[in-house]
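In what follows, residues are counted from 1 in the order of the sequence shown. The figures here come from the full heavy-atom set of this structure, side chains too, leaving out hydrogens, waters and symmetry mates.
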Amino acid sequence: MEVNVKETALVLPSTPPFNRDHVLPLSHLDNDPNMNVIFRYLRVYVSTDTVTTSHPFHVISASLSSALLHYFPLAATLRRRDLGRRLELFCSAGQAVPLINASANCTLESVHYLDDLDPHFVERLVPNPDPVEAMVNPCILQVTVFKCGGFCLGAAIHHALCDGLGATQFFNAVAELARGASKISIEPIWDRASLLGPRDPPQVQAPAQEFLSLEKGFEPYNQDIGPVVSECFNVMEEYLDRFKKLLFEHCGSSFTTFEALGAFIWRAKVKASGSPGDEKVKFAYSMNIRRTVKPPLPVGYWGNGCVAIYVQLSVKELLEQPIWRTVELIKKSKSNATDEYVRSFIDFQEIHYGDGITAGKGVSGFTDWRHLGHSSVDFGWGGPVTVLPLSKHLLGSVEPCYFLPYSSANAGKKNGFKVLVNLRETAMPAFKKEMEKFSNQEFDHLL
């Protein structure tokens, strides 16, 4: 399987979107140190009978140019202010989004529509800029066309510009124009500094600071834990239902899949890693706060609109307490996502930004991609059949976990969903044994 890069086009907005150079401020959520990372993922599209003459690269290039009239910040340059060292966007004439044109010498069917992870192959389908290049070009895209006529769109976007929902809003605009729309249905709103800025004076009252510390010089994504490997695990619905039923029998509460399976995997990862019993470890996930804040963020706001929620335990507590207690803690943690929590989180960033805000080591990041509406991004070939994240950095974690649906192109062939786990190579064998216990429904020792 080979990927051949033909060219890299610099896609400019269809008409100049502004008259003079200027700077756009970012919100305090955009400037969260955990957002100082490039998020990489791809969408896979199959060839259809209705679109036979159009080349995906040309279709996306043209619609991207039109969309950049509205989303020109994606072509801007990130830089740090002299005062405070916070990130901001410098917008200048002639800025463009790099769009890579590539081809693969195999069919999508032959690689199972990228449902079965082959890290060496998929890495070549998504741009991978270094940190310096990602500041100059915070959005880089790649279209790779397969022999069958299907293609994938790989994206590398600096997280300071937007979160997953904001990026999907942008791609939906590109897709609308690709399908022939004369205008986009949702106009983007930038007003980040005022909508998610600090209070005057800033005040920290909610529990955000209970999970955050100050450690100048510590960079979570530069932790040296050795090689990190990626593995996909199948989760059968019947096994999951059995597990959730046992949890209910022991504590009388019902739990979501994310809460129950997240607790199991968190415990398994920590156990496999062999961390000392007195070490503090954290379960981290994002909560969408667009409707939580008062007033709610306006429709069209496409900046980072999520805050990190944490559950913290010692390794000894996590491994020795009944797992239903851990699941309960994850469930209860959702109640922290209030307007006051968000405002306190922002004010904490305002007061301590230069002091090295961090959630520390031992963070396990979790996210559920099964219901995020990725299928809405239709460039004229239908929605994507597969969506796959490649990032190994998330929420201050260097070993994130993603809950993912199976490719719709494989509908009926596989039961349940898959979990993509990133874990240090030395711990993966022991983690696989823990996951085998789940498949064998060996739960009694956890309860």
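At a cut-off of 3.5 Å, with distance as the only test, no side-chain donor of Glu210 or Tyr310 sits close to an acceptor on the other residue. A side-chain donor from one of Asn234 and Tyr406 sits under 3.5 Å from a side-chain acceptor of the other. Between Thr257 and Lys244, the side chains place a donor N or O and an acceptor N or O closer than 3.5 Å (distance only, hydrogens not considered). Using a 3.5 Å distance cut-off with no hydrogens or angles, the side chains of Asp347 and Ser344 do not pair a donor with an acceptor.
A salt bridge links Lys437 to Glu434: one of the charged nitrogens lies within less than 4.0 Å of a carboxylate oxygen. Residues Lys147 and Glu109 are not paired through a salt bridge, judged by the lack of any N-O separation under 4.0 Å between the basic side chain and the carboxylate.
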Ring pair (Phe, Tyr, Trp, His ring centres under 6.0 Å), that's the test. Do Phe258 and Tyr285 meet it? Break it down for me. CA-CA 10 Å; Phe258 182 78; Tyr285 62 99; 5.6 Å; yes
Would you please test Phe233 and Phe431 for ring pair (Phe, Tyr, Trp, His ring centres under 6.0 Å) and show each step? CA-CA 11 Å; Phe233 297 88; Phe431 177 78; 5.3 Å; yes
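At a threshold of 4.5 Å between non-hydrogen side-chain atoms, the residues Lys6 and Val145 do not count as touching. Counting heavy atoms from C-beta on, the side chains of Phe438 and Leu261 come closer than 4.5 Å. Proximity of Pro220 to His393: side-chain heavy atoms (C-beta onward) are nowhere separated by under 4.5 Å.
Relative to the ring axis of Phe171, Arg43 places its NZ or CZ within 45° and under 6.0 Å from the centre.
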